[in-house]
There are 4 protein chains.
Amino acid sequence: MTVQDRDAFQSEGRAAEVYRKAAEIILQKGYDATSVSDIAEALGITKAGLYHYIHGKTQLLFDIMQYGLNELDREVAQPAMKIKDPEARLRFMVAMHARIVTRGHGAVTILVDEARALTPAQNRKVTRKKREYFDFLRATLQEMKDARKLRDVDLTVATFSLLGMINWLSRWYRAEGALNEQQVAQAIVDIALNGLIRPAAGGGRSLRAV
Amino acid sequence: MTVQDRDAFQSEGRAAEVYRKAAEIILQKGYDATSVSDIAEALGITKAGLYHYIHGKTQLLFDIMQYGLNELDREVAQPAMKIKDPEARLRFMVAMHARIVTRGHGAVTILVDEARALTPAQNRKVTRKKREYFDFLRATLQEMKDARKLRDVDLTVATFSLLGMINWLSRWYRAEGALNEQQVAQAIVDIALNGLIRPAAGGGRSLRAV
Amino acid sequence: MTVQDRDAFQSEGRAAEVYRKAAEIILQKGYDATSVSDIAEALGITKAGLYHYIHGKTQLLFDIMQYGLNELDREVAQPAMKIKDPEARLRFMVAMHARIVTRGHGAVTILVDEARALTPAQNRKVTRKKREYFDFLRATLQEMKDARKLRDVDLTVATFSLLGMINWLSRWYRAEGALNEQQVAQAIVDIALNGLIRPAAGGGRSLRAV
Amino acid sequence: MTVQDRDAFQSEGRAAEVYRKAAEIILQKGYDATSVSDIAEALGITKAGLYHYIHGKTQLLFDIMQYGLNELDREVAQPAMKIKDPEARLRFMVAMHARIVTRGHGAVTILVDEARALTPAQNRKVTRKKREYFDFLRATLQEMKDARKLRDVDLTVATFSLLGMINWLSRWYRAEGALNEQQVAQAIVDIALNGLIRPAAGGGRSLRAV
DNA sequence: CATGAATGAGAGTTCATTCAT
DNA sequence: GATGAATGAACTCTCATTCAT
C-alpha cells in the first residue's frame, strides 16, 4: 500500500499531482499548520475528493517522507556507493544532497522537519532509514580518517555538522538569490572540507613556497 | 505588555515557571502540536488559570522568542562586541551560541523553528532581530576577510553554514552523549574554521616538523 | 420496483447474491454500522458497481425486510392457516418461526431489529405487516382461550412473550452449540406452552392417581 | 474515571442530567443514529460544551451501560441473593427485572441492545458482567431443578427465554397501555412459570370423563 | 488566583450517492 | 455491468478563548 503510494508520488497522473502539491504546501506552511482542506483547495477538489488519493493526513506525510528517503537513496547514496575514493565520494554526497535540498521539491525537507507528527511505527521506519544514511556518510568520513586524509575531528560531530549545513539550506536558499544551486552546493562542499580560515600563512604556505 | 512578559520569563516566581515550562513543552512537541491544555496540565493548573499568566498562545510564543533573542543578545552578541580581534570574536560567538543551544533551555531553538506561527507583525519584529544577529556575524566574517584571514568563500553561505551547524545541534545533541557541551562547542568551532580535511600540504606540516 | 427486488433476493443469480450478502453483513454489524462500501467489498465489486443492484441503502434494508416478512408469511403464516386445531397451529408457528430465526439467514432478524432506520413510509408498510402477523398469532391464542385450552393470561402479554422468546434466539443461538435448531425450537415450544415449574404435585397429579 | 462517570449518572447535578438525557435519546433513536449534536441540542448546549461532561461517544455509551449493569445488580441481583427459596427468588428476579425495563430509564435496554458499538475492551467488561447475571439466574433454575420444582427443560434455553421475554418488553410496553408496570411484570412471571396452556390436568381429564 | 462551564470555529474523516466513461 | 472520481453533508472531536463566580 505504501509502496503503491510512493509510486503514485513519482509516477505521472493525478495521484502524482496530489502528492506533489501536498508536499509543496506542507513544505511551505508546515505539516501541522496545513489542513487537509488547504491541500484539497490547492488542487481544486473537495476534502472528500482528496481522500480518494490519500489514506489519512499522517499517511500522506509518511508517503512524502518515503519519497524523500527514496530520493536520497536513489540520487545520493546509490551513486555514491560506486565511488571508490572516499574524499570524492564525500564531495559528491554533500554536493548532491545540497542540490536536492535547494531544488526544493520538498520531500527531503519535510522528511527532516516533521518526523514528530508520524505515528510511532512510521517514525521508527523513517528513523531507521535516516540512520542508515547517516551511518553511510559517517563511514565515508571514517574511511578518510583511516587514509589520514581527515583532520582529527570527532566523526559524529562532523557528520551532523555536514547535515546541519545542508539541511539548513532549505531555510534560507532562494532560487532567485545571487548564487545558483550548483554554486551554493560547491560553496558548501568547499567550506565543509576546507573550513573558513586561511591556513596560518606564516606556517604552511610560505614554507611551501620555499 | 510584551516587555512585562519577557521580564516575567526571566524573573523568579510563578510567571517565570509558566514561561519556562511552556518553552520546555513547545520545544519537545512543537508549537502547533502543543495545546494550551498541555501547558496548563504540566503546570498543574487549569486552562483558565493559565490565562492569568499568558495573553494568548501566539503571544506566549512570541514572548518565548523574545527571550531567545534576548539570550542571544545578552550572552553572545553583547560580549562579542567587546572582542576586538575578529577571529577571536568569531570563535567566541560560535562556541557561545552552540552552548546556548546545547544547554537546552529551549527559547533559542523555538525562536528558530516556529517563526511561521507568529502573526505577521510579530514575525517582522523577530525577523528583524534575527537579521541583526545574522548581520553581526556576517560582519565579523567580513572583517576577517578584509584582514585576509579568511579563505575565499561566499560570506552569506558561510554565515548560514555556521548557523546551520549550530542550530542543528538542537536536533541531535543529547547531554547524556559522549561529549559535553563545551567539547561539542569546541568541536564545531574547529570544524567550521579549519574544515574537515587535512591540508593537502604533505609539504607544510611535515616541514614544520622538521 | 420493490417487487422486483424482492424477487431478486429470492431468485438465483448475481442480484440474489448481493441481497443475501448484504443481509449477512447487516445482521452481523447492524444496519447503521454497515457501510455501502462494506457490502461492496464483501461482494468484490466497487461501491458504484453495487449501485447497479440496489436503489439506495434504505431501500436495500427495506427489501431485505420485505423478504423477511415474506419468509414469515410463506413459511409460517400460510401453512399455519391450514391447521385447524389452534393448539397444533400455535405449536407449529412457534416452532417454525423459531427455526427461521435460528437458521440464521438474517432477514427476519434484521426485520425486527432495524425498523428505526426506515423512512416513515417504509416503516408504516413494515409495521402493518408485522402487526398482521402479530394479530394472527394472537387470534390463535384467542381461539385456544375460547376453547378453554388456555390459562387465564393476558393475550397481548402472552403474544409478545412468545415473540420475545423467539426473537431473542437470534441473540444467543449458535449453530455450534449443544442443541440443534429443531431441539431448540421444541424446547421453546415446550417452555412457552407448559411453563417452567412442575405443576403443584399435590394438585393434579394425585388426582390423576386416584 | 469510569467510576466517576457512573456516579455522575446517578448523582444530582448537571452531569447526571447529561447522562440521563443521553440515555433517553439513545434509547429512542439507537446509539448509531444518535449524534453527539443530538444530545447536546437536547440539553441546550453546544457539542463542545457537552464534551465537558463526556469523554467521547463510546465512553458515554459504556458509562450508561455500566449504570445499567449497576441497576440490575443493585435492584435485582443483590436483593435476590437474600432470598433463600429459589422459586421465590426467581419470581422476584423476573418481576423486578421486568419492572426495571418497563419503567423505561433506558440504561438497561441500551445495555442489552448496543453492545456492538463498544470497543473490544469495553465489550469484554460488559459481557463479563452480563454473563455473571445470566449465570446467577441460571443457577437459580438449577436449584429449583435440584429441588424437583422444575419441569424437565434445558436450563440454558429456559434462562434465555426468560431474558427474551423480559427484554422484549422494552420494545412493546407503553406506560399508557392497559396494564401498569406491576401487572405486566406479574403477567410475565405467571406465563414464564406456569406456561400458556391449561394443564392437561389428570384432574381435568378424569372429571371431564365423568 | 483559579475554576468550571461554555462556545465558535475548524480539524480529520466517513458516507451515501452520482455520473461520465 | 462496472469503474474511478467527485461531492455535500454529516460526524466525532479538539482547540483557543472567555467569563461569571
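Note on naming: letters A, B, ... go to the chains in the order of the sequence lines (proteins, then strands), and numbering restarts at 1 for each one. Please read all numbers here as calculations on a predicted model, not as lab measurements.
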query: Under the criterion salt bridge (charged side-chain N to carboxylate O under 4.0 Å, His left out), which of A:Arg14, A:Lys21, A:Arg20 is the partner of A:Glu17?
result: A:Arg14
task: For the pair C:Asp32 and D:Lys29, find out whether any cationic side-chain nitrogen is under 4.0 Å from an anionic carboxylate oxygen.
output: no
query: Which whole-number value in Å describes the distance from C:Leu43 CG to F:dT3 C1'?
result: 15 Å
- prompt: Over how many whole Å does the gap from A:Leu61 atom CG to E:dG12 atom C1' extend?
  reply: 14 Å
- prompt: Could B:Lys57 and B:Tyr31 be counted as a cation-pi pair, given that NZ or CZ must be under 6.0 Å from the ring centre and within 45° of the axis?
  reply: yes
message: Whether A:Arg14 contacts F:dA6 is assessed here as follows: a side-chain N or O lying under 4.0 Å from the phosphate OP1 or OP2. Is that the case?
response: yes
- prompt: Whole-Å distance between E:dC15 P and D:Asp32 CG?
  reply: 11 Å
query: Are a donor atom and an acceptor atom from the side chains of C:Asp113 and C:Thr109 found within less than 3.5 Å of each other?
result: no
- line: Rounded to the nearest 0.5 angstrom, the NE2-OG1 distance for B:His52 and B:Thr46 is 8.0 Å
query: Rounded to the Å, how far apart are B:His52 NE2 and F:dT21 P?
result: 15 Å
Under 3.5 Å on both distances, the Watson-Crick or G-U partner of F:dT18: E:dA5
Atom pair distance, as rounded to whole Å: CD in D:Glu41 and P in E:dA6: 16 Å
- request: Please report, rounded to the nearest Å, how far the C1' atom of E:dC15 is from the CG atom of A:Leu50.
  value: 16 Å
- prompt: Considering only side-chain heavy atoms of B:Thr46, which listed nucleotide, E:dA2, F:dG4, E:dT7, is closest?
  reply: E:dA2
task: Looking only at side-chain atoms of C:Tyr51, point me to the closest of E:dT17, E:dT3, F:dG1.
output: E:dT17
message: Strictly below 4.0 Å: does A:Tyr53 bring a side-chain N or O up to OP1 or OP2 of F:dA6?
response: yes
message: Quick check: any donor-acceptor pair below 3.5 Å linking the side-chain of A:Lys47 to the base of E:dT13?
response: yes
field: Nearest-angstrom distance from the residue atom CD1 of B:Ile54 to C1' of E:dC1
entry: 15 Å
statement: B:Lys57 atom NZ is separated from F:dA16 atom C1', nearest whole Å, by 8 Å
query: Which one, E:dG12, E:dT14, F:dT18, comes nearest to the side chain of A:Ser35?
result: E:dG12
- prompt: Across the strands shown, which category fits D:Thr58 at heavy-atom distances under 4.0 angstrom: base, sugar-phosphate, nothing?
  reply: nothing
